[in-house]
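The analysis underlying the following values was restricted to heavy atoms, covering all of them including side chains, and did not include hydrogens, waters or symmetry mates.
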Amino acid sequence: MKNKSLQIIKGIIFIISTIFFSYNLMLNNKLINIAITIPVSAIFAIFIYIKLNERFKKILSERLTRNLSILFFTATMINLIKDSKNILLLLGSYAIFFFITFTVNYIVELIKLVFSDINRKDIIRYIVISLILVIVIVLAYNLKKSLYEQYDLIYSIDSGWTFKNIFQNFNYYDIRHPLLNIMTYPVYSVVYIPISVFYNGENIEILKAIMMQVINIQLVLITAVMISKIFKNKNIFYFYMMSASTITYIFFFEKYQLCVFIIVAYLFMKENKKNTLPLAVASFGSMATSIFIIVINIFNKESLKEKIKKTIKLSLAIFASLCVFGRVNVITNGYNDLKETSSHFANEHYTIRQKTYSITKLVKSSFVFLSSEKTGEKYLWKDIIKTPSVLGVLIVLISLIGIISNYKMDYSKYLIVWSVFLAILFMILNWSIHESPLFNIYFAWAIIPATILGMEKIFEYFKLNKKVAYYSIISIISIINITSIVQIIMCLWG
């Protein structure tokens, strides 16, 4: 009886803590937002506590060192947030610790699964590549701050905005990325806390940028590993890492590395029959359009009733997450926000031909850099909507061979769904047609595997030596892309 009363008291404390946490994260205190946020947060807290409390206690008892680290991190992160509502955030610290604990443990399990069956040779390769890239970033960021400070100078990449206004801003909000700051601010805190303890000199911004970009690099590397495992082809790892899309976002600070990591992690966990609900919600939260990836579930071998049930469950999870993390205005004012955003990024005046040309350039830029030129202070692609890319068209044809020849495999469904999404985004919604290559990494995770699968069939048909063919193509791509990124950096220098 005494134990039961204690559990009830702890549950009440958790519910109150969650409400304070959610209220603190609200962007404004409009009555309608409060009226939705508080009761939904309370109901969510009750549900979570009943469902996960026993598991939470088990985690606390089994992983003492990890949990002490999480507790220290939670306390210092709360202290780091300079906000007038700090006292409310402090009252919500129990909920923060609870959420961070489960998030960390989920990520740890994901990483363990990614590297569970990788041999010693591949581990060494991974470590060597990681070290090389860290050294490159340390040198590059020390020599040229523009790599993380520039805004729209190189290919419309928002490095400076992402670095200063998203990762370091606890209250950042954008309808396109409704929960992004909930994921990025803790990453920033992990970086800033140890740096601020040991160093507080004039180069602290460079150190923060380097550390956060090192994390981005790890996201890219792990994404490459997951893709190669999902599509069961190690060559994909090399093509992905040497692609223009990857090299661009290894050097330039951005948010797309995280968005793509979450999408691919969702597919990886699905392939391994693990719980994908947290990643489905995170996909929507990091970049709202990413939720399209759940369309792959229509191919699941289960009843229509079960599919509808899962869709409702995900919808409720997204709704609850928006409320608990203080983004209920996505629901109450989402239409107006979306309309305003669309007016900046969607243009109805492009012809079908121009949109098709743009897509071929996006596809090409997934592998190699496009022809570019310096216009004033900016370095931009040439003729995005004026001419088609022959190489882009060729890649599309090879990709179709890859998808069709592997139609019986589950992973071919991922490629089909993301290809349809690409067509909808650019052909129907007219999203940033004039700068489509900016989003190459967002689609490269599907374009590159589809192309490699197609190349496999072509090599087999013509009885070519696959090893020689792959090494030759990767070498050519590497030379083109390394030369191009050096030119871009030199452009920033000038």
Side-chain angles (χ1 to χ4, degrees), residues 22 24-30 32-33 36-37 81-83 85 148-189 209 212 215-216 219 249 252-263 279-293 317-347 421 424-426 429-436 438-443:
S22 302
N24 183 79
L25 287 173
M26 288 175 61
L27 298 172
N28 58 64
N29 294 333
K30 288 183 178 179
I32 187 171
N33 291 347
I36 296 173
T37 297
I81 300 168
K82 307 301 181 187
D83 191 277
K85 295 186 286 185
Y148 64 89
E149 287 184 342
Q150 68 88 31
Y151 178 72
D152 267 0
L153 294 179
I154 304 295
Y155 296 152
S156 299
I157 297 172
D158 303 334
S159 298
W161 178 263
T162 305
F163 176 61
K164 292 179 180 177
N165 296 82
I166 298 181
F167 274 66
Q168 300 186 44
N169 184 357
F170 185 63
N171 294 309
Y172 174 82
Y173 169 73
D174 184 335
I175 187 67
R176 295 168 299 168
H177 312 283
L179 296 174
L180 184 63
N181 74 304
I182 303 300
M183 305 172 207
T184 57
Y185 192 83
V187 173
Y188 166 70
S189 301
M212 284 192 279
I215 292 173
N216 267 338
L219 293 178
Y249 291 104
F252 288 95
F253 197 94
E254 255 292 359
K255 54 194 169 289
Y256 299 119
Q257 300 94 324
L258 174 61
C259 299
V260 174
F261 170 82
I262 293 170
I263 294 169
L279 288 165
V281 174
S283 291
F284 172 82
S286 64
M287 196 162 181
T289 52
S290 297
I291 197 61
F292 195 85
I293 196 63
I318 290 174
F319 173 71
S321 297
L322 290 172
C323 294
V324 171
F325 293 114
R327 297 296 179 265
V328 71
N329 53 301
V330 172
I331 299 159
T332 59
N333 199 53
Y335 176 77
N336 292 329
D337 290 341
L338 191 59
K339 192 175 179 180
E340 183 182 348
T341 302
S342 297
S343 67
H344 293 293
F345 295 96
N347 190 312
F421 171 56
I424 291 173
L425 194 65
F426 294 105
L429 300 179
N430 303 314
W431 195 261
S432 295
I433 302 299
H434 64 292
E435 55 181 16
S436 60
L438 174 66
F439 307 102
N440 53 19
I441 195 171
Y442 195 49
F443 296 96

For [X] and [Y], which heavy atoms make the closest approach, and how far apart are they?
X	Y	value
I441	Y256	CG2-CB, 3.6 Å
M212	F167	SD-CD2, 3.7 Å
R327	P178	CG-O, 3.3 Å
S156	E435	OG-OE1, 2.7 Å
L425	T289	CD1-CG2, 4.4 Å
S22	V324	OG-O, 2.7 Å

Nearest 0.5 Å, please: how far is [atom2] in [Y] from [atom1] in [X]?
X	Y	atom1	atom2	value
N33	C323	CG	SG	9.0 Å
K164	F253	NZ	CZ	11.5 Å
L322	T37	CG	OG1	9.5 Å

Side-chain touch [X]/[Y], heavy atoms, less than 4.5 angstrom:
X	Y	result
K30	V328	no
T184	K255	no
I262	S290	no
L180	D174	no

* When you look at V187 and L258, which way does the side chain to side chain contact (heavy atoms under 4.5 Å, CB included) test go after all the steps? -> CA-CA 11 Å; V187 173; L258 174 61; over 6 Å; no
* Asked: Hey, do the aromatic rings of F252 and Y155 have their centres closer than 6.0 Å?
  ->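 No.
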* To do: Please check if the side chain of Q257 supplies one atom and the backbone of Y249 the other of a donor-acceptor pair under 3.5 Å.
  => yes
* Side chain S159, main chain Y148, donor-acceptor under 3.5 Å ->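 No, S159 side chain to Y148 backbone: no donor-acceptor pair under 3.5 Å.
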* Return the orientation label for the F426 and F439 ring planes: parallel under 30°, perpendicular over 60°, tilted otherwise. => tilted
* Mutual orientation of the aromatic rings belonging to Y172 and W161 [parallel < 30°, tilted 30-60°, perpendicular > 60°] ->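 Ring orientation of Y172 relative to W161: perpendicular.
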* Crowded around I32 CD1? As in, over 12 foreign heavy atoms under 6.0 Å? ->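 No.
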* To do: Would you kindly say whether N333 and N329 are connected by a side-chain donor-acceptor distance under 3.5 Å?
  => no
* To do: Identify, with sequence neighbours excluded, every residue that meets ring pair (Phe, Tyr, Trp, His ring centres under 6.0 Å) alongside F292.
  => F421
* Asked: side-chain hydrogen bond (donor to acceptor under 3.5 Å, both in side chains) with D158: which residues, sequence neighbours excluded?
  ->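 For D158 there are no side-chain hydrogen bond (donor to acceptor under 3.5 Å, both in side chains) partners, ignoring immediate neighbours.
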* Set of side-chain hydrogen bond (donor to acceptor under 3.5 Å, both in side chains) partners for N169, sequence neighbours left out -> none
* **Check against side chain to side chain contact (heavy atoms under 4.5 Å, CB included), S432 and L438** => CA-CA 9 Å; S432 295; L438 174 66; over 6 Å; no
